[in-house]
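Below is one structure, written out as structure tokens; comments come after it.
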Amino acid sequence: MTLEELAGEQQAMGRMETPGSALEEVLSKALTQRSVTVGVYEAAKLLNVDPDNVVLCLLAADDEDDRDVALQIHFTLIQAFCCENDINILRVSNPGRLAELLLLGASGGAEQPADLHCVLVTNPHASQWKDPALSQLICFCQESRYKDQWVPVINLPER
């Protein structure tokens, strides 16, 4: 699907969401389909085994994490791999809100994952590509790359 087709699809829908709202919707649907991988190491394993099924990579860090050199090295390597394999990347500016979204889809007694810095959304079913929120995020990533912003930052709306 080309950028023009995506833009035409969105105009035909008659509504444009903010990238943050679209990301919330994508994560909600991905959680119900069990197509979310959470954690830097788990993401690296999945990227090594099956990069073709990954449609979106989210990197989340707050101001304190920006001083973590090891985490920044991991982010750099993941970003390079995603760019090389045409995987869309987004930086999430408020990891606390991302954690809330990811834990909403968890079952009642599940423990909180230790590492929410990297989240991958995979595409287990072809029908997910027809999701308008995912199409909007992909379009947002492509437009950002045209503007030489290779890892755009999204702020998730607070509830």
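Because only heavy atoms are used, hydrogens play no part in the values below, and waters and symmetry mates are left out as well, while side chains stay in. Here, residue 1 is the first one in the sequence, and each next residue gets the next number.
With contacts defined as side-chain heavy-atom distances shorter than 4.5 Å, the pair Asp115/Val38 does not qualify. Inter-residue side-chain proximity for Leu102 and Val36 is flagged as met; some heavy-atom pair is nearer than 4.5 Å. Side-chain contact between Glu24 and Leu101 is present, with heavy atoms from C-beta onward closer than 4.5 Å.
Lys29 has a carboxylate O that lies under 4.0 Å from a charged side-chain N of Glu25, or vice versa, which qualifies the two as a salt bridge. Using a 4.0 Å cut-off between a side-chain N of Lys or Arg and a carboxylate O of Asp or Glu, Arg97 and Glu100 qualify as a salt bridge.
Proximity of a side-chain donor or acceptor of Asn88 to a complementary backbone N or O of Cys141 within less than 3.5 Å is not detected. With hydrogens and angles disregarded, no donor-acceptor distance shorter than 3.5 Å links the side chain of Asn85 to the backbone of Ile87. Checked by atom type and distance alone, the side chain of Asn123 never pairs as donor or acceptor with a backbone atom of Asn53 at under 3.5 Å. Side chain of Thr122 to backbone of Val54: no donor-acceptor contact under 3.5 angstrom is found.
Looking at Val26, Leu23, Leu120 one by one, the single match for side-chain contact (heavy atoms from CB on, under 4.5 Å) with Leu58 turns out to be Leu23.
Contact record, Cys118 with Cys57: SG-SG, 4.1 Å, taken as the closest heavy-atom pair. Scanning both residues, Leu90 and Val151, for their nearest heavy atoms gives C-CG1, 4.3 Å. What you find for Pro19 and Leu137 is that their closest heavy atoms are O-CD2, 3.6 Å.
Considering CG of Leu134 and SG of Cys139, their distance stands at 11.5 Å, rounded to 0.5 Å. To the nearest 0.5 angstrom, Arg145 atom CZ is 7.5 Å from Cys83 atom SG. Taken to the nearest 0.5 Å, the OG atom of Ser93 stands 10.5 Å off from the CG atom of Asp62.
Take Gln79 and apply the side chain to side chain donor-acceptor pair (under 3.5 Å) test, not counting sequence neighbours, and it matches no residue.
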Subject >> Leu59 and His117: CA distance, side-chain angles, deciding distance, side-chain contact (heavy atoms from CB on, under 4.5 Å) verdict >> reply: CA-CA 6 Å; Leu59 300 175; His117 291 108; over 6 Å; no
Original post:
Can Leu156 and Leu98 be said to form a side-chain contact (heavy atoms from CB on, under 4.5 Å), step by step?
Top reply: CA-CA 7 Å; Leu156 289 170; Leu98 179 63; 4.0 Å; yes
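Side-chain contact check for Asn155 and Asn94: at least one donor-acceptor pair (N or O, by modelled atom type) lies under 3.5 Å.
Here ring-ring contact (aromatic ring centres under 6.0 Å, His included) pairs that include residues 58-84, with residues two or more places apart or in two chains, are Tyr41-His74.
Membership of the apolar cluster around Ile73 extends to Val69, Leu77, as traced through chained side-chain contacts below 4.5 Å between ILVMFWY residues.
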